[in-house]
Participant: 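Before I ask anything, here is the structure I am working with.
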Amino acid sequence: MAFKRSTEETFTALVTVNVPNGKGAFDKNTFVGKFKRPTHDERKALAELTTDDLARDRLVGWDLIDADTREKVPFSPEELDAILSIEPTPLAICEAFWSAVNGTKAKN
């Protein structure tokens, strides 16, 4: 048996955001988030952050395609602000982050 003791500074995880629509249903939106890996000592402090603050602190990139234009959306503070303003995106980002960190499968 072996244990890999070195890790990369970042990891990726699928973020699924179910946004309520005008038809009484949900639009399923997905993107691959690139997250900054926490250390063991950082975990407690991260658990105290709001969803917005955790998303801003840990999400450092993405593979995100605009559903309307089919174009890649570059990661930037302005684009991050734009997607965080769409509820429930902040919570979905945090769920993807914590699921990946804890080694559990994210709920869809």
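No hydrogens, no waters, no symmetry mates; every other heavy atom, side chains included, goes into these values.
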Participant: Keeping the roles fixed (side chain from Trp62, backbone from Val73), state whether a donor-acceptor pair exists under 3.5 Å.
Facilitator: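 It does hold such a pair.
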
Participant: Say you draw a straight line from CD of Glu48 to CG of Asp53; how long is it, rounded to the nearest 0.5 Å?
Facilitator: 12.0 Å

Participant: Taking all heavy atoms of Arg43 and all of Val101, pick out the closest pair and write down the distance.
Facilitator: NH1-CG1, 2.8 Å

Participant: State, to 0.1 Å, how close Ile83 and Thr89 come at their nearest heavy-atom pair, and which atoms those are.
Facilitator: O-CB, 3.2 Å

Participant: Please report the shortest heavy-atom distance between Asp66 and Thr69, naming the atom on each side.
Facilitator: OD1-N, 2.9 Å

Participant: Of all heavy-atom pairs between Val17 and Ala92, which one has the smallest distance, and what is that distance?
Facilitator: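 Smallest interatomic distance, heavy atoms only, reads CG2-CB, 3.6 Å.
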
Participant: Of Thr51, Leu80, Thr50, which meets side chain to side chain contact (heavy atoms under 4.5 Å, CB included) against Arg56?
Facilitator: Leu80

Participant: State plainly whether one hydrophobic cluster holds both Leu59 and Leu14, where clusters connect Ile, Leu, Val, Met, Phe, Trp and Tyr through side-chain heavy atoms under 4.5 angstrom apart.
Facilitator: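 No, Leu59 does not connect to Leu14 through the hydrophobic network.
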
Participant: So if you build clusters from Ile, Leu, Val, Met, Phe, Trp, Tyr with side-chain heavy-atom gaps below 4.5 Å, do Ile86 and Phe97 land together?
Facilitator: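 Yes, one cluster joins them.
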
Participant: Identify, with sequence neighbours excluded, every residue that meets ring-ring contact (aromatic ring centres under 6.0 Å, His included) alongside Trp98.
Facilitator: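 ring-ring contact (aromatic ring centres under 6.0 Å, His included) check on Trp98 returns nothing, list empty.
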
Participant: If you round to the nearest 0.5 Å, how far is CG of Asp52 from CG of Leu91?
Facilitator: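 If we round to the nearest 0.5 Å, Leu91:CG and Asp52:CG are 10.5 Å apart.
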
Participant: Are the charged groups of Glu42 and Lys36 less than 4.0 angstrom apart, N to O?
Facilitator: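 Salt bridge between Glu42 and Lys36, a charged N being under 4.0 Å from a carboxylate O: no.
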
Participant: Hey, could you give me the CD/CG distance between Glu71 and Asp68, rounded to the nearest 0.5 Å?
Facilitator: 11.0 Å

Participant: Would you say Ser85's side chain and Ala82's backbone share a donor-acceptor pair under 3.5 angstrom?
Facilitator: yes

Participant: Are Leu46 and Phe11 connected into the same hydrophobic cluster when the rule is that any two of I, L, V, M, F, W, Y join if their side-chain heavy atoms are below 4.5 Å apart?
Facilitator: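 Cluster IDs for Phe11 and Leu46 match.
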
Participant: Is any side-chain heavy atom of Ile65 closer than 4.5 Å to a side-chain heavy atom of Phe31?
Facilitator: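 When only atoms from C-beta onward are counted, Phe31 and Ile65 do not touch, as no gap falls below 4.5 Å.
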
Participant: Closest approach of Ala55 and Leu84, non-hydrogen atoms and distance?
Facilitator: CB-CD2, 3.9 Å

Participant: Any idea which heavy atoms bring Phe35 and Ile93 closest together, and the distance?
Facilitator: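 Minimum heavy-atom separation between Phe35 and Ile93: CE2-CG2, 3.7 Å.
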
Participant: Hydrophobic clusters here meaning ILVMFWY residues chained together by side-chain heavy-atom distances under 4.5 Å, can you tell me if Val19 and Val15 are in one?
Facilitator: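 Val19 clusters together with Val15.
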
